Participant: 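Just dropping this structure here.
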Amino acid sequence: MSAGSGLGSSNPKDIVDFLVKLSREEPVPSSGMMFTHSYETGDPVLRDLARRAFELYMDKTMLDFTVYPSLVKLERDVVSFVARLMGGGESTAGTFTYGGTESIILAVKAARDFFKSRNPDLVPEIILPYTAHPAFVKAAVYLGLKPVLVPVNLESFKVDLNAVQERVSRRTAMIVGSAPNYPVGVVDDIRGLSDIALDRNVWLHVDACIGGFVLPFFKDLGEPIPDFNFKVDGVYSISVDLHKYGYTPKGASVILYRDRSLRKYQFFAYSRWPGYPLVNTVTLSTRSAGPLAASWAVIKYLGYDGYLKLSSKILNAKKRLVEGIKAVGLKILGSPESSIIAFTSEEISVAQLSLSMKRRGWIIQVQPGSIHLGFPQSIHLTVSPIHEGLVDAFLRDLRESVEEVRSNPFKISVEDLVKVAGIRASLSELVEKLGLSREVIVEDETLLLISEAIRMLPPDFVETMLVEVVNEIVF
Ligand SMILES: *Cc1c(COP(=O)(O)O)cnc(C)c1O
């Protein structure tokens, strides 16, 4: 990069050109070619509006609302829109956060401190279906709760209520249900969980991170959506992401509580230092108000009717995708009520299928599964409104890819796997075996091997391996 006329050593144009070049080499979130990580309406006006609102507020911090009082208004408006969507009433309270993980950490903290205020001497436990998002386990690890994992039915992928009933105890600080879960898109029996929670006087959290902006609209479009929100009496808190089906820029979510008296357990205040009196409503302090302003703008722009229209596009795409996926001989997991589809195959490697689709430009997500936990290898599809116009092209490529994989199955050598499994102590051997290096982007065949290793090896070993590889090689 050449020296420019500004303060730094590089010319801004060169810097931007360089970023444009880097960015062009990657999948494009707005393209509609991605069935994971992207939630795309296909509406350029929306994208532009979000960008302008973001830019207006990006230099303002959410740390101190006394300096920027408009942030209080924006946050109240956003939270109350989501609260209404979740069947909340006068007493419902919440906060804007930077993502689903943060919403979940805050809900777990609130539930822990609520529990501790009544049971100061017990180590709190959190009951989690195996399909719950890992953010709950992370929150438990961060905050000193014991995760108690309970099985799900491997046909329906809904949490096993009897197992919850058996594990709930006086140490239980929270029970979690998903609406829907991320891997398969199935909604847990929230009424069933609520009955248990009310009976045992335990906090029930509903994770509607991915479903919060879809399920209410699907219901209004006539789909049979089970009850999952504050209309169910035992539900104390709900997490809803804006940066998924709220179609806002990344860094936006909401955590809601049935009652303001529960929300206070999430806050943190401190006045024993020589600096400013600190009151944090969330985990971070200094943070850009850009995501909040953009979220406010997008919600204003779409409103209930806009989200309803976008949901009907998703529903249309989803129904055609489910039929098309079945028609090529793949098996849909569970009966997903929402906007997520997961499928598997007993005949071909769906991980290999994902590579075949990738060569055709489609990004679909491999879920490796685990022989130890009984989870199948599967493909996850997050369906967006933009996909409505791309279903036929997608299914045509899927058909071709299935044929391709059928006629040329990738053989994973047992020897390779044994070597991976046998080198617990030696990262360098693993690196060598997988052909990984800091310089080289992981090759497709290596991804297949890694995926297969994750499926075959014990989860604790896989977790250690993932940390080592990312720590040593990626960053
Ligand atoms: C995305 C998601 C989360 C976590 O949200 P992040 O925004 O990625 O931190 C939690 N639960 C479910 C069901 C999700 O889909």
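Model, not experiment: these values are computed from the prediction. Remember, it's 1-based here, ligands and their atoms both numbered in the order they're listed.
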Participant: Should V108 and F136 count as side-chain neighbours, where that means a heavy-atom distance under 4.5 Å?
Facilitator: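 Yes, their side chains come closer than 4.5 Å.
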
Participant: Identify, by atom number and element, the atoms of ligand 1 in contact range of I104, meaning under 4.0 Å from any of its heavy atoms.
Facilitator: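 Listed by number with element, the hits are 10 (C).
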
Participant: Could you walk me through whether H380 and Y182 pass side-chain contact (heavy atoms from CB on, under 4.5 Å), step by step?
Facilitator: CA-CA 9 Å; H380 169 112; Y182 179 86; 3.3 Å; yes

Participant: Tell me which protein heavy atom sits closest to atom 1 (C) of ligand 1, plus the residue, atom name and distance to 0.1 Å.
Facilitator: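 Closest protein heavy atom to atom 1 (C) of ligand 1: K244 NZ, 1.3 Å.
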
Participant: Counting only heavy atoms, tell me which of S338, G100, P183, S103 gets closest to atom 5 (O) of ligand 1.
Facilitator: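 Answer by nearest heavy atom: G100.
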
Participant: Going by the angle between their ring planes, with limits at 30° and 60°, are H387 and F35 parallel, tilted or perpendicular?
Facilitator: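 If you compare the ring of H387 with that of F35, the planes turn out parallel.
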
Participant: For ligand 1, is there an N or O atom under 3.5 Å from any N or O atom of N181?
Facilitator: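 No: no nitrogen or oxygen of N181 is under 3.5 Å from one in ligand 1.
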
Participant: Check whether the ring centres of Y265 and F114 lie less than 6.0 Å apart, and answer yes or no.
Facilitator: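 Centroid separation for Y265 and F114: below 6.0 Å.
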
Participant: Does K60 make a cation-pi contact with Y57, if we ask for NZ or CZ under 6.0 Å from the ring centre and within 45° of the axis?
Facilitator: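 The answer is yes; both the distance and angle limits are met.
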
Participant: So between H243, K138, H133, H37, whose heavy atom ends up nearest atom 7 (O) of ligand 1?
Facilitator: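 Considering heavy atoms of H243, K138, H133, H37, the nearest to atom 7 (O) of ligand 1 sits in H243.
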
Participant: D207 to ligand 1: N or O pair under 3.5 Å?
Facilitator: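 Such a contact does occur with ligand 1.
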
Participant: Starting from atom 9 (O) of ligand 1, find the nearest protein heavy-atom neighbour and note its residue, name and distance.
Facilitator: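 Checking every protein heavy atom, the shortest distance to atom 9 (O) of ligand 1 gives T101 OG1, 2.5 Å.
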
Participant: For the residue pair F268 and Y270, does the interplanar ring angle fall in the parallel (under 30°), tilted (30 to 60°) or perpendicular (over 60°) class?
Facilitator: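 F268 vs Y270 ring planes: parallel.
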
Participant: Quiz question: by atom type and distance under 3.5 Å, do the side chains of S103 and T97 form a donor-acceptor pair?
Facilitator: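 Side-chain D/A pair, S103 to T97: present.
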
Participant: Do ligand 1 and D241 have nitrogen or oxygen atoms that lie under 3.5 Å from each other?
Facilitator: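 Indeed, backbone or side chain, D241 has an N or O that close.
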
Participant: Under 4.0 Å from any heavy atom of Y182, which atoms of ligand 1 are there?
Facilitator: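 So the atoms of ligand 1 that pass are 15 (O).
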
